[in-house]
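Everything on this sheet refers to the single structure shown next.
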Amino acid sequence: MNRHHWWRDAVIYQVYVRSFLDSTGDGIGDLAGVRAGLPYLRKLGVDGIWLSPFYPSPQHDHGYDVADYRDVDPVYGDLDEFDRLVASAHRLGIRVLLDIVPNHCSSEHPWFREALAAAPGSPERARFHFADGRGPDGSEPPNNWHAMFGGPAWTRVTEADGRPGQWYLHMFTPEQPDWNWRNPEVADEFDQVLRFWLDRGVDGFRIDVAAGLFKHPELPDSPDPEADARTRDSVNPLAWNQPEVHDVWRHWRAVCEEYTARDGRERLLVGEVSVPSAREHAKYVRPDELHQAFFFDLLGAPWDADAFRKVISEAMQDIAGTGSTVTWVLNNHDQVRTVTRYGEPAEGSGLGAARARAAALLMLALPGAAYIYQGEELGLPEVVDLPDDVLTDPIFRRTGSRARIRDGCRVPLPWSGQASPFGFTSGAEGAKPWLPQPEYFAEYATHRALADTRSSWHLYRDGLQLRSALHQLGEGTLRWLDTQPGVLAFARGDDLVCAVNFGTAPVPAPVPGTPLLSSGPCRPGELPGSTAAWWIDGS
Ligand code: NOJ
């Protein structure tokens with residue numbers, strides 16, 4: 001039997017640094033704030049944290065536009081503060097993952113500035129995708145690709161002589177030029193960046209847009225540009241999921257192994273992988289590639305037993321079936337929070353909250369690893385009524401529509417008290433969080449959640465404790481049990497049965513006896529609607 005690898009069943013907590021805890025009083029969370037919050041995370045019982053990007057950045061996409069990959073933006077602290085954070089986390093047994101952004105940088109990155117100043121065809125431009133435009137005067141973009149955040153994927157530059165010149169490619173905003181990974185200088189630079197942070201003691205990286213990096217070498221037109229424009233998914237087969245990207249992950253894995261060989265600590269690479277099928281997804285987690293890749297299909301599934309069963313079965317067959325581990329996720333900083341996503345306006349807010357708790361218990365019972373997004377453990381809903389003038393998401397700016405905006409899941413966390421800033425910022429009175437917190441956040445404050453044993457926080461904490469007590473629950477497989485329609489139940493070895501009632505009326509429980517853990521009150525022999533429960537051997 002293989003030695004157990006910690007990451008295979010790890011539960012990692014995503015810290016959106018800007019919105020976690022502000023130690024300086026400027027209304028923006030920072031690394032010292034994360035350090036102050038570590039005891040809270042230790043109590044919750046997570047294995048590690050993933051820090052959203054804190055590098056120097058003009059913040060056009062909240063740090064996913066990196067101007068310097070080897071430093072900390074002064075808004076978030078400095079390298080000394082970073083070192084203190086890693087040391088404190090390690091003392092508490094919490095591993096630290098950084099968010100690395102290799103598909104694109106900031107238009108303020110020195111190499112991009114050099115590229116703008118250099119001539120067409122220069123080595124400086126060859127680090128990015130510069131191309132001549134189409135049409136007689138080159139005034140049309142080089143191809144018909146759309147950017148993920150709206151508008152064309154190309155922007156035209158002004159050359160040194162003041163005339164309109166070449167175009168550069170950006171799959172997100174114009175402030176995020178895409179790197180050209182066919183240029184070995186780019187690969188070498190990222191090799192050095194990885195080592196810079198590994199030398200500072202980090203435990204791994206969450207890799208942004210990990211199915212990106214390479215584009216079709218000829219940058220041809222997309223056959224169905226309308227489909228690409230309609231969806232934010234990586235459907236343009238010429239811009240995403242090119243086979244060459246796997247060589248990069250093999251190399252990065254080898255770098256991690258090199259560090260492990262030195263000190264015995266296993267590092268973790270987790271990719272943000274959006275690809276069309278679980279089978280394609282599985283390629284990213286081959287034994288010599290990424291350790292984990294977020295499996296977003298669970299997050300994308302509607303609240304429906306058949307939909308959940310389908311995505312879970314596919315993941316178990318196509319991903320876990322190859323010997324790797326599935327990485328489950330229900331929330332992150334780009335998605336409407338589960339409480340709101342699963343809610344039905346006509347039925348009041350309680351339904352979404354109950355379903356979100358049930359989904360969490362289901363996720364924690366599945367074999368594999370799981371990620372929790374900050375505030376999920378508090379049962380925070382999406383803030384849906386932020387006024388237009390406070391929105392910062394570039395998607396809003398570029399599409400003019402609120403439909404896909406992400407500010408609502410990024411509102412700073414409530415920690416204590418009855419009024420904003422709810423302990424989020426330690427600044428003088430009147431300090432304002434960078435996004436306004438609604439009054440009802442008082443109900444969700446961490447102090448309140450810790451004191452109330454019926455809170456979502458306690459459900460997550462108990463689920464995590466039981467998960468680790470059942471040792472390696474993340475390993476192995478699951479066996480579906482027969483149930484009535486609208487109910488899912490599965491067994492994990494001899495240890496655990498998990499059942500979820502997706503309907504609203506109670507059903508007979510699939511297992512006799514009182515569950516050891518449930519997402520809502522349960523009577524023996526009955527599983528209420530919108531509820532999940534765990535029966536543990538002998539309970
Ligand atoms: C995915 C990140 O999660 C998202 O927040 C970001 O805007 C895009 N990648 C671009 O970096």
Side-chain angles (χ1 to χ4, degrees), residues 12-20 29 50-67 69 73 97-109 112 128 145-151 153 169-179 181 190 193 205-213 215 231-236 239-241 245 269-275 284 290 292-296 299-300 327 329-337 371-376 382 391-399 403-411 434-435:
I12 308 281
Y13 184 95
Q14 179 189 355
V15 177
Y16 195 71
V17 177
R18 224 181 149 70
S19 302
F20 187 71
W50 142 31
L51 300 170
S52 57
F54 51 70
Y55 316 104
S57 159
Q59 307 289 338
H60 287 290
D61 188 18
H62 289 326
Y64 287 98
D65 47 329
V66 181
Y69 288 86
D73 194 296
L97 309 183
L98 302 198
D99 205 321
I100 192 159
V101 189
N103 181 69
H104 46 267
C105 61
S106 158
S107 49
E108 293 191 16
H109 189 284
F112 189 70
F128 300 91
W145 296 1
H146 290 275
M148 300 284 276
F149 291 170
L169 179 72
H170 50 83
M171 294 309 296
F172 294 88
T173 69
E175 293 86 9
Q176 293 165 296
D178 279 44
W179 290 108
W181 273 84
F190 276 94
V193 169
F205 301 91
R206 176 268 186 188
I207 304 166
D208 192 58
V209 197
L213 278 58
K215 284 81 191 164
T231 169
R232 62 185 303 183
D233 294 332
S234 312
V235 293
N236 178 347
W240 311 105
N241 198 24
V245 77
L269 297 173
V270 53
E272 185 205 23
V273 172
S274 300
V275 285
Y284 286 78
L290 304 178
Q292 301 178 338
F294 298 124
F295 182 65
F296 289 123
L299 188 157
T327 300
V329 50
L330 288 168
N331 290 280
N332 66 31
H333 66 293
D334 293 330
Q335 304 293 336
V336 173
R337 287 184 179 277
Y371 280 67
I372 299 171
Y373 173 51
Q374 73 179 32
E376 180 182 334
E382 183 86 357
L391 299 179
T392 63
D393 190 338
I395 297 182
F396 180 59
R397 183 167 40 87
R398 292 189 57 77
T399 62
R404 283 168 17 195
I405 53 167
R406 302 165 296 173
D407 295 275
C409 63
R410 300 174 177 180
V411 174
W434 68 276
L435 279 175

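In this chain, numbering begins with 1 at the start of the sequence shown. Indexing begins at 1, ligand by ligand and atom by atom, following the structure's order. Here the structure is a predicted model, which is why all the values come from computation and not from measurement.
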Considering only heavy atoms of [X], which atoms of ligand 1 have at least one such atom less than 4.0 Å away?
X      : answer
Phe149 : 7 (O)
Glu272 : 1 (C), 3 (O), 9 (N)
Arg410 : 5 (O)
His104 : 10 (C), 11 (O)
Val209 : 9 (N)

We want to know whether [X] and [Y] form a side-chain donor-acceptor pair, criterion being a heavy-atom distance below 3.5 angstrom.
X      : Y      : answer
Thr392 : His62  : yes
Asp65  : Ser57  : yes
Tyr371 : Gln292 : yes
Glu175 : Thr173 : yes
Asn241 : Tyr284 : yes

**Report entry** Selection from Thr173, Asp208, Asp61 by shortest heavy-atom distance to atom 11 (O) of ligand 1
**Finding:** Asp208
Report task. Kindly assign one of parallel, tilted or perpendicular to the pair Phe172 and His104, based on the angle between their ring planes and the thresholds 30° and 60°. Result -> tilted
Query raised in the report: Between Arg206 and ligand 1, which part of the residue brings a heavy atom under 4.0 Å of the ligand: side chain, backbone, both or neither?
Result: side chain
Requested in this report: Please work out whether any backbone atom (N, CA, C, O) or any side-chain heavy atom from C-beta onward of Asn103 is under 4.0 Å from ligand 1, and answer side chain, backbone, both or neither.
Outcome: neither
Query raised in the report: Does ligand 1 have any atom sitting under 4.0 Å from a heavy atom of Met171?
Result: no
Query raised in the report: So is Arg406 in contact with ligand 1, going by heavy-atom distances below 4.0 Å?
Result: yes
Report task. Can you pull out the closest protein heavy atom to atom 3 (O) of ligand 1? Residue, atom name and distance to 0.1 Å, please. Result -> Asp334 OD2, 2.5 Å
Query - Option from Val270, Ile12, Leu299 for which side chain to side chain contact (heavy atoms under 4.5 Å, CB included) with Val329 holds - result: Leu299
**Report entry** Candidate pair Phe128 and Trp179, rule side chain to side chain contact (heavy atoms under 4.5 Å, CB included), full reasoning
**Finding:** CA-CA 5 Å; Phe128 300 91; Trp179 290 108; 3.4 Å; yes
